Amino acid sequence: MKKAFHVARTGRPGPVVVDIPKDVSFKKATYSGYPQTVEMRSYNPVKKGHSGQIRKALQLLLSAKRPYIYTGGGVLLANACQELRTLVDMLGYPVTHTLMGLGAYPASDKKYLGMLGMHGTIEANNAMQNCDVLLAVGARFDDRVVGNPKHFMSVERKIIHIDIDPSSISKRVKVDVPIVGDVKDVLTELIAMIKETTAQPDEGALAQWWTQIEAWRSRDCLQFNRHNKEVIKPQYGSIPCST
Ligand SMILES: Cc1cc2nc3c(=O)[nH]c(=O)nc-3n(C[C@H](O)[C@H](O)[C@H](O)COP(=O)(O)OP(=O)(O)OC[C@H]3O[C@@H](n4cnc5c(N)ncnc54)[C@H](O)[C@@H]3O)c2cc1C
């Protein structure tokens, strides 16, 4: 049972099945105490990312013309919202998150493009399609986000993927720089490397990229006519009572 709880709460957390055979559940046994620690040779999630891979990721990020940071539930599970905010502020790159990552980044910040995916904003989805370097942080390229992986991969872009579960990496889309590790540990190391380097993001290219993103954002895709008496739009439910 201790092992079951250990597996459920560490690495990629999730449900664990404990299968107790009938003969065992019928037998009597002497209780010898609950173990203090767990040793499992076959299960040892890696927390610290490979420094060489993190350095490669940084080089790609700094050489990007149209960078994008795609984040997910792994940021919340790693309790790494602060590290994510620091990274985005240092680089000045656009950022989005999945439905499972809601709240991982402040929605009030200009660099946030809204949620992406089938219920996401135009700017968040277009940036995903048109970026040249994608940093995926604790997100698993779900079909509600990338659609058909074949179509998604038909566009040329480099992908860096940080995930604690190696089986999540290159599962749905092939990535160029895999980094197995805990989001908090990996982002902390990435931030430290950015502080050390003298290289900077390409400001000219970044300004052009932001102009393009603002053009998408100006379509204000979530707005609707709230005074239409004929139909009630689903968005109506999300308007605060006072408006
Ligand atoms: C009808 C419908 C519509 C939907 N529409 C949308 C939509 O528009 N947009 C959308 O985003 N979703 C949508 N979803 C939800 C979607 O199916 C996925 O559940 C969601 O996109 C997954 O988010 P995620 O990639 O953050 O995954 P999560 O399930 O949160 O996975 C987290 C990833 O992070 C990794 N991880 C966990 N802990 C750590 C850690 N400590 N360090 C590093 N990595 C870690 C895990 O291994 C995993 O790969 C929809 C679902 C339905 C049913």
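Note that ligands are numbered from 1 as they come in the structure, with each ligand's atoms numbered from 1 the same way. As the structure is a prediction and not an experimental result, all values here were calculated from the model. Residue indices begin at 1 and follow the sequence shown.
Annotation: atom 9 (N) of ligand 1 to nearest protein heavy atom, Leu116 O, 2.9 Å. For atom 21 (O) of ligand 1, the nearest protein heavy atom (residue, atom name, distance) is Val145 CG2, 3.6 Å. Regarding atom 42 (N) of ligand 1, its nearest protein heavy-atom neighbour is Val183 N, 3.0 Å. Taking atom 29 (O) of ligand 1 as the reference point, the nearest protein heavy-atom neighbour is Arg140 NE, 2.8 Å. Nearest to atom 6 (C) of ligand 1 among the protein's heavy atoms is Arg144 CB, 3.7 Å. Nearest protein neighbour of atom 32 (C) of ligand 1, counting heavy atoms only, is Gly138 O, 3.5 Å. Atom 3 (C) of ligand 1 has His119 CE1, 3.5 Å as its closest protein atom, hydrogens excluded (heavy atom only). Counting protein heavy atoms only, atom 20 (C) of ligand 1 is closest to Met100 CG, 3.9 Å.
Atom 26 (O) of ligand 1 has its nearest heavy-atom neighbour, among Ile179, Thr71, Thr98, Val146, in Thr98.
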field: Steps toward side chain to side chain donor-acceptor pair (under 3.5 Å) verdict (Thr10, Tyr43)
entry: CA-CA 10 Å; Thr10 55; Tyr43 175 78; 2.8 Å; yes

message: Determine whether Gln212 and Arg66 satisfy the following criterion, side-chain contact (heavy atoms from CB on, under 4.5 Å), listing intermediate values before the conclusion.
response: CA-CA 10 Å; Gln212 171 63 79; Arg66 298 183 309 281; over 6 Å; no

task: Any chance you could lay out the salt bridge (Lys or Arg N to Asp or Glu O under 4.0 Å) test for Asp89 and Lys111, step after step, and finish with the verdict?
output: CA-CA 9 Å; Asp89 281 344; Lys111 294 183 284 307; 3.1 Å; yes

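By the 3.5 Å distance cut-off applied to N or O atoms, Phe141 is not counted among the residues near ligand 1. When only interatomic distances are considered, the shortest N/O to N/O separation between Asp182 and ligand 1 falls below 3.5 Å. Inclusion of Ile162 in the set of residues having an N or O under 3.5 Å from an N or O of ligand 1 is not warranted. Considering both main-chain and side-chain atoms, Asp163 comes within under 3.5 Å of ligand 1 through a nitrogen or oxygen pair. Distances between N or O atoms of Gly101 and those of ligand 1 include no value under 3.5 Å. Between Asp142 and ligand 1, at least one N/O pair is under 3.5 Å apart. In terms of polar-atom proximity, Leu77 is not counted as a contact of ligand 1, lacking any N or O under 3.5 Å from an N or O of the ligand.
The ligand atoms of ligand 1 that sit less than 4.0 angstrom from a heavy atom of Gly117 are 8 (O), 9 (N). Remark: ligand 1 atoms within the under-4.0 Å shell around heavy atoms of Ser168 are 47 (O), 49 (O). The ligand atoms of ligand 1 that sit less than 4.0 angstrom from a heavy atom of Met118 are 3 (C), 5 (N), 7 (C), 8 (O). Heavy-atom contacts of Gly73 reach the following atoms of ligand 1: 26 (O), 30 (O) (cutoff under 4.0 Å). Near Gly181, the atoms of ligand 1 lying under 4.0 angstrom from a non-hydrogen atom of the residue are 42 (N), 43 (C). Listed by number with element, the atoms of ligand 1 under 4.0 Å from a non-hydrogen atom of Gly72 are 26 (O). Listed by atom number, the atoms of ligand 1 under 4.0 Å from Asp165 heavy atoms are 47 (O).
If you check the side chains of Tyr70 and Thr98, you find no donor sitting under 3.5 Å from an acceptor.
Protein heavy atoms are absent from the space less than 4.0 angstrom from atom 53 (C) of ligand 1.
Salt bridge status for Asp23 with Lys27: absent, with no side-chain N to carboxylate O gap under 4.0 Å. With salt bridges taken as basic N to acidic carboxylate O contacts below 4.0 Å, one links Arg85 and Asp109. Between Glu123 and Arg219, none of the side-chain N atoms (NZ, or NE/NH1/NH2) sits under 4.0 Å from a carboxylate O, so this pair counts as no salt bridge.
Taking all atoms of both residues into account, the shortest heavy-atom contact from Gln36 to Lys2 is O-NZ, 3.3 Å. Here the shortest heavy-atom pairing between Thr96 and Met115 reads OG1-C, 3.8 Å. Between Lys65 and Asp132, the shortest heavy-atom distance links the atoms N-OD2, 3.0 Å.
In this structure a side-chain-to-backbone donor-acceptor pair under 3.5 Å is missing from Arg140 to Gly74.
Separation of atoms CE (Met128) and CG (Leu116) is listed at 5.5 Å; rounding is to 0.5 Å.
Across Ile69, Val137, Ile179, Leu134, a single residue satisfies side chain to side chain contact (heavy atoms under 4.5 Å, CB included) together with Ile160, and that is Ile179.
At a heavy-atom distance under 4.0 Å, only side-chain atoms of Met115, from C-beta outward, approach ligand 1.
Aromatic ring orientation, Tyr112 versus His97: tilted (interplanar angle from 30° to 60°).
Judged by the 6.0 Å and 45° rule, Arg157 forms a cation-pi pair with Phe152.
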